[in-house]
Amino acid sequence: MNLADCSVVVVGSGFGGLSTACYLADAGADVTVFEKNEQLGGRASRLEADGFRFDMGPSWYLMPDVFERFFGHFDRTPSDYYRLQQLDPHYRIFFKTDDETTDSIDIVPDLERNKELFESYEDGAGEALQRYLDKSEESYDVGMEHFVYTDRSRFRDYVSMDVARNARGLNLLGSMQEHVEGYFENPRLQQIMQYTLVFLGGSPNNTPAIYNLMSHVDFNLGVYYPENGIGDVVDGIVELAEELGVEFETDHEVTDITGNEGDFFVHSGDSRTAADLVVSDADYAHTEQELLPPESRQYDADYWESRTYAPSAFLLYLGVEGDVEPLAHHTLVLPEDWNSHFDEIFEEPAWPDDPAYYLCVPSKTDDSVAPEGHSNLFALVPIAPGLPDGPAIRENFREKVLSDIETNTGVSLHDRIVFEKSFSVSEFADRYNSTKGTALGLAHTLMQTGPMRPHHRSSKVDGLYFTGSYTNPGIGVPMCLIGGQHTADAMIEDY
């Protein structure tokens with residue numbers, strides 16, 4: 001079978017599915033993407049109401065080099081489809097205190113200013129930051145080229161001199177907590193270097209130290225905002241895909257996948273679509289447990305139950321009268337001891353008593369996301385997947401979050417909210433068929449990294465492939481773009 005003569009159905013239009021579709025169409029395949037919901041982009045949905053526009057999922061534009069490489073494969077650039085603005089500050093952090101004082105800091109594009117900030121907390125921490133970032137940059141350069149852009153999803157892929165040579169000097173086995181403690185004693189500085197683990201769905205104690213590379217992303221590569229939000233990035237990739245010949249069907253929920261190579265049927269309601277090959281960008285566990293017949297599943301229910309899932313989230317999308325001046329475009333609010341919050345996610349699941357959380361105010365940068373005289377704000381609290389989130393629980397936690405925001409940032413919201421919508425575990429499960437309502441997929445623990453993640457190729461069904469955050473290289477928009485290429489490359493290699 002020649003891929004150029006194949007019909008391919010991609011199930012799901014998250015960044016992994018969009019990426020795979022582009023690469024396959026570029027290779028000559030006839031590609032159709034089926035999307036369950038009314039808009040494309042998977043978790044990168046948009047909510048529009050009463051003059052407000054929210055990015056419902058990803059809101060940080062990081063690793064611009066990955067987007068440049070993606071579009072460059074098709075002889076395009078990101079600027080052909082959307083415009084970027086670097087944020088200054090990159091983000092603001094409010095540290096919770098036991099008294100009524102407020103302690104906040106800004107991480108900015110100027111490294112020397114960041115070093116001065118670190119030095120103000122701990123003697124020698126400015127130069128320690130430089131050493132840390134030098135190591136982080138090395139990890140990024142080696143890790144991206146030899147372990148991310150190079151797909152090593154099988155154990156045999158690691159048996160090579162190339163791996164041995166490039167892994168030398170990288171901290172592959174220690175935890176991020178151990179790694180950061182080697183540079184900084186001040187707990188607040190440790191938090192600054194570790195907050196990015198939220199993007200990986202992990203904690204300082206269960207995420208491998210190799211992910212120190214995220215600090216290079218954070219401090220050196222910069223934080224950007226696409227004009228009109230992440231939704232504009234989705235629109236840009238969809239436009240590229242359509243230029244390459246990809247067709248899209250929204251409101252098209254797939255209920256079954258039957259058959260195998262050259263003889264697939266993808267079922268949706270009363271209709272079925274024939275395909276030579278199938279790629280699932282839907283939740284991997286949902287695909288295996290709900291869309292495939294038992295004989296076509298690689299993993300049983302016990303396997304999925306034993307996995308460590310990335311957090312779910314409690315989200316409040318708020319339209320607010322007036323400004324929210326103490327907040328930046330991206331703001332983090334962190335307790336003095338965040339270990340209890342991580343324990344309430346990974347060890348003893350519970351709604352957090354003293355939460356760490358993220359606030360996004362895109363109206364600081366983009367006037368189009370809110371009516372004049374109003375602010376666009378969403379709050380995101382990472383919580384354990386699978387928690388019950390009924391109305392009474394949500395209302396109590398909403399009050400906790402709004403009060404916490406006022407106490408620790410000085411922003412009072414209660415009497416100024418003109419639009420409000422919450423989104424949590426049950427919506428992640430319902431809207432995205434997300435296992436246990438995880439917001440991200442499988443956490444990047446040591447035992448769920450590299451070849452320990454589910455594979456791109458099905459071992460049970462010829463012609464069935466997977467992409468998205470469960471597969472290599474993992475969680476996050478840039479990683480899913482790269483994972484989409486890995487899936488397409490596997491198919492190109494096979495056909």
Side-chain angles (χ1 to χ4, degrees), residues 59-60 91-99 102-105 107 175-181 184 186-208 211 214-215 218 308-316 327 330-360 378-389 393-409 411 422-425 428 436-445 448 475-476:
S59 58
W60 293 65
Y91 53 91
R92 180 167 295 156
I93 300 178
F94 285 87
F95 294 106
K96 298 185 184 183
T97 59
D98 291 333
D99 54 31
T102 298
D103 187 5
S104 67
I105 58 100
I107 300 299
S175 72
M176 275 295 296
Q177 182 64 37
E178 294 166 338
H179 182 72
V180 171
E181 285 176 346
F184 309 102
N186 186 285
R188 290 184 176 177
L189 298 184
Q190 292 180 11
Q191 287 183 325
I192 295 170
M193 307 315 292
Q194 295 172 334
Y195 88 90
T196 52
L197 301 184
V198 173
F199 297 134
L200 302 172
S203 77
N205 291 312
N206 72 9
T207 303
Y211 290 108
M214 290 299 294
S215 291
D218 181 3
T308 299
Y309 290 89
S312 185
F314 175 76
L315 288 138
L316 286 174
L327 304 181
H330 296 308
T331 298
L332 305 167
V333 183
L334 306 179
E336 289 194 89
D337 179 9
W338 64 4
N339 290 327
S340 61
H341 189 169
F342 282 117
D343 287 345
E344 288 164 330
I345 294 175
F346 293 105
E347 304 300 329
E348 297 180 7
W351 285 83
D353 184 56
D354 186 19
Y357 53 92
Y358 161 60
L359 305 172
C360 182
F378 77 77
L380 184 157
V381 185
I383 60 174
L387 288 180
D389 65 342
I393 293 173
R394 287 194 190 203
E395 181 57 29
N396 289 336
F397 199 69
R398 170 194 184 271
E399 288 302 312
K400 178 190 285 287
V401 171
L402 294 180
S403 296
D404 201 282
I405 292 171
E406 182 170 2
T407 298
N408 292 291
T409 73
V411 178
S422 67
F423 196 97
S424 194
V425 178
F428 279 106
K436 296 189 176 183
T438 172
L440 300 168
L442 289 183
H444 280 271
T445 65
Q448 293 180 173
I475 287 171

Working to the nearest 0.5 Å, report the span between [atom1] of [X] and [atom2] of [Y].
X: Ile107; Y: Ile93; atom1: CD1; atom2: CD1; answer: 5.5 Å
X: Asp103; Y: Phe94; atom1: CG; atom2: CZ; answer: 9.5 Å
X: Leu189; Y: Gln194; atom1: CG; atom2: CD; answer: 11.0 Å
X: Gln191; Y: Asp337; atom1: CD; atom2: CG; answer: 8.5 Å
X: His179; Y: Thr207; atom1: NE2; atom2: OG1; answer: 13.0 Å
X: Asn205; Y: Thr445; atom1: CG; atom2: OG1; answer: 12.5 Å

Nearest atoms (heavy-atom pairs only) where [X] meets [Y]:
X: Ala310; Y: Pro385; result: O-CG, 3.7 Å
X: Val425; Y: Gly386; result: CG1-N, 3.9 Å
X: Pro335; Y: Val333; result: CD-O, 4.1 Å

Run the side chain to side chain donor-acceptor pair (under 3.5 Å) test against Arg394 and tell me which residues pass, sequence neighbours left out. Asp389, Ser422, Ser426, Glu427
Parallel, tilted or perpendicular: rings of Phe423 and Phe428 (30°, 60°):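 Rings of Phe428 and Phe423: perpendicular, over 60°.
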Using 30° and 60° as the class limits, which term best fits the ring planes of Trp338 and Phe342: parallel, tilted or perpendicular?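 Trp338 and Phe342: perpendicular rings.
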Show the numbers, then the answer: is there a side-chain contact (heavy atoms from CB on, under 4.5 Å) between Tyr309 and Leu442? CA-CA 5 Å; Tyr309 290 89; Leu442 289 183; 3.8 Å; yes
Considering only heavy atoms from C-beta outward, does the side chain of [X] approach that of [Y] to under 4.5 Å?
X: Ile383; Y: Ser424; answer: yes
X: Gln190; Y: Gln177; answer: yes
X: Arg188; Y: Glu336; answer: yes

Please walk me through it: do Tyr195 and Asp218 pass side-chain contact (heavy atoms from CB on, under 4.5 Å)? CA-CA 10 Å; Tyr195 88 90; Asp218 181 3; 3.1 Å; yes
Are Ile105 and Phe95 close enough, and set up right, to give a side-chain contact (heavy atoms from CB on, under 4.5 Å), and what steps lead you there? CA-CA 8 Å; Ile105 58 100; Phe95 294 106; 3.7 Å; yes
Between His341 (side chain only) and Leu334 (backbone N and O only), is there a donor and an acceptor less than 3.5 Å apart? no
Can I get a per-line list of side-chain donor-acceptor pairs under 3.5 Å for residues 349-358, giving both atom names and the distance, sequence neighbours left out?
{"residue": "Trp351", "atom": "NE1", "partner": "Pro388", "partner atom": "O", "Å": "3.0"}
{"residue": "Asp354", "atom": "OD1", "partner": "Lys96", "partner atom": "NZ", "Å": "2.8"}
{"residue": "Tyr357", "atom": "OH", "partner": "Asp404", "partner atom": "O", "Å": "3.4"}
{"residue": "Tyr357", "atom": "OH", "partner": "Asp404", "partner atom": "OD1", "Å": "2.7"}
{"residue": "Tyr357", "atom": "OH", "partner": "Ile405", "partner atom": "N", "Å": "3.3"}
{"residue": "Tyr358", "atom": "OH", "partner": "Ser59", "partner atom": "OG", "Å": "2.8"}
{"residue": "Tyr358", "atom": "OH", "partner": "Trp60", "partner atom": "NE1", "Å": "3.2"}
{"residue": "Tyr358", "atom": "OH", "partner": "His330", "partner atom": "ND1", "Å": "2.7"}

